[in-house]
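Each chain gets a letter, A, B and so on, in the order the sequences are listed, and its residues count up from 1.
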There are 4 protein chains.
Amino acid sequence: MTTTLSMLETHPRRADVDRTRLAAAIDSLNACAETCTACADACLAEDLVADLTRCIALNLNCADICLATARMLSRHTAEDGAISRSMLEACATACRACAEECARHADRHQHCRVCAEACRSCERVCRDLIVALR
Amino acid sequence: MTTTLSMLETHPRRADVDRTRLAAAIDSLNACAETCTACADACLAEDLVADLTRCIALNLNCADICLATARMLSRHTAEDGAISRSMLEACATACRACAEECARHADRHQHCRVCAEACRSCERVCRDLIVALR
Amino acid sequence: MTTTLSMLETHPRRADVDRTRLAAAIDSLNACAETCTACADACLAEDLVADLTRCIALNLNCADICLATARMLSRHTAEDGAISRSMLEACATACRACAEECARHADRHQHCRVCAEACRSCERVCRDLIVALR
Amino acid sequence: MTTTLSMLETHPRRADVDRTRLAAAIDSLNACAETCTACADACLAEDLVADLTRCIALNLNCADICLATARMLSRHTAEDGAISRSMLEACATACRACAEECARHADRHQHCRVCAEACRSCERVCRDLIVALR
């Protein structure tokens, strides 16, 4: 269990969406960011790195975008539906592209298999939250 | 002069848009990120910080989103129009919200005046790049 | 359970330290970064924000430094003991300063209590890893 | 000219060191972060990427550490000499390692030549600031 939910529960302002769902979304985004950072480096260390350069670049993009999204969702002092939705949209797009690329190497590289799942699950979380924020 | 253009010119892959324009966009995003980080801290140090909490939170969001966008635009190995456009859209939205909030305090706080301009200019850069990427 | 350990186990290169310990350290750093980001925003939303500005600034520093440290520890392709140790040293210093400041408000603000604990635990993790990396 | 100096001049609190020097340091750190991000991607796009994996990983570390350092130096509300010095120490170490690795490929890859210079100059800036902060 992470402390994300405790932090939401002790925040003086209520978030715009259900706290349990929001905490799960933030955790999923942070986990996906970490997994993509690790997958980029694991790909870099493979003998056939030349086949994985697109995967590495998509991993790096996905990590940065997931992180910025998690941080934004952790701030409730200036919640702004338009920023949240557009950022979640961008994040879902980045997660899907990364999931698809990782899935192509999933049978040869276990780290890509784990990462593809993290990205797919994170994409779903982003899309669900967009609906919840409407 | 930054080295952003030199780095684009020595990259083995051509970017999808004109290099001079892309380098200017990356520089504008990095400058806006830095300005928003500095403005958040300057607001925090003001006596009337209680009036500036929304401004601080929008500054922090804008800084993180500009940075993630600049990094993504610096990667050409896996250029993906859908990710670029949606991220630029989110970034323009965050810049506009931050510019509007900063503009409200621009007469009392010089740092907010400088930041409002950086955000407005960065929003324009993002919107122009969305058109160029189509 | 996070996927951090799975990612370490499927990485083609062995890390310089025990994987279970390293995975726990990365998870602790990411959790501390998230907690500090959330605590900064919770402080910002408190009525007496003027008393919490030092806490907010230390939270923001700690979040950025923990994140950069977690990312560095997730990369094994160019492991460099000197960088790892000095970065862990900086991170432990930032965590201690943030823990001490948060502890001062822990009785009035639950989010500061949770954050003080996350920072203290993360400081310990960093110091243990410095010893293990020698 | 960046707006970093204007932001320092309009900040309600004076920084611990000379503003012109501090603004130059922040600009140098941000420029080095951007250059390293770009160099990592340029290396990734080279045919002989397999020879550049150590360079890429050091670039990614250096970019993250420079960025966290620039952000910390942009916050004066909770200036803490111990955090600043240890972070600048870590940053100088990361910049030196990256400069040395990039210098090895500088004759074949122009982006590594530009990046080696940015890292060397940033290392110097960090070391000078450590002295000034004493």
Next item on the list: Look at B:Glu101 together with B:Arg104 and state whether they make a salt bridge at an N to O cut-off of under 4.0 Å.
Entry: yes
Notebook entry, point to check: Is any side-chain heavy atom of B:Cys122 less than 4.5 Å from a side-chain heavy atom of B:Leu29?
Noted result: yes
Item checked: Residues in side-chain contact (heavy atoms from CB on, under 4.5 Å) contact with B:Asp18, at least two apart in sequence or another chain -> B:Thr20, B:Arg21
Note to self: Suppose a student defines contact as a heavy atom less than 4.5 Å from any heavy atom of chain B. Which residues in residues 66-86 of chain A would they list?
What the structure shows: A:Ala68, A:Arg71, A:Met72, A:Arg75, A:Thr77, A:Ala78, A:Glu79, A:Asp80, A:Ala82, A:Ile83, A:Ser86
Check: Looking at A:Arg127 and A:Glu89, does any basic side-chain N land under 4.0 Å from a carboxylate oxygen?
Finding: yes
Notebook entry, point to check: Between A:Ala63, A:Ala57, A:Ala90, A:Cys55, which has the largest tally of heavy atom pairs under 4.5 Å with chain B?
Noted result: A:Ala90
Margin query: So which residue, B:Leu58, B:Leu60, B:Thr53, ends up with the most heavy-atom pairs under 4.5 Å with chain A?
Written below: B:Leu60
Next item on the list: May I ask you to decide if the ring planes of A:His111 and A:His109 are parallel, tilted or perpendicular, using 30° and 60° as cut-offs?
Entry: parallel
Check: Contact part of A:Ile56 toward chain B, heavy-atom cut-off under 4.5 Å: side chain, backbone, both or neither?
Finding: neither
Notebook entry, point to check: Out of A:Cys126, A:Cys36, A:Cys91, which residue meets the side chain to side chain contact (heavy atoms under 4.5 Å, CB included) rule with A:Ile65?
Noted result: A:Cys91
Checklist line | Validation row: B:Arg19, B:His11 side chains within 4.5 angstrom (heavy atoms) | finding: no
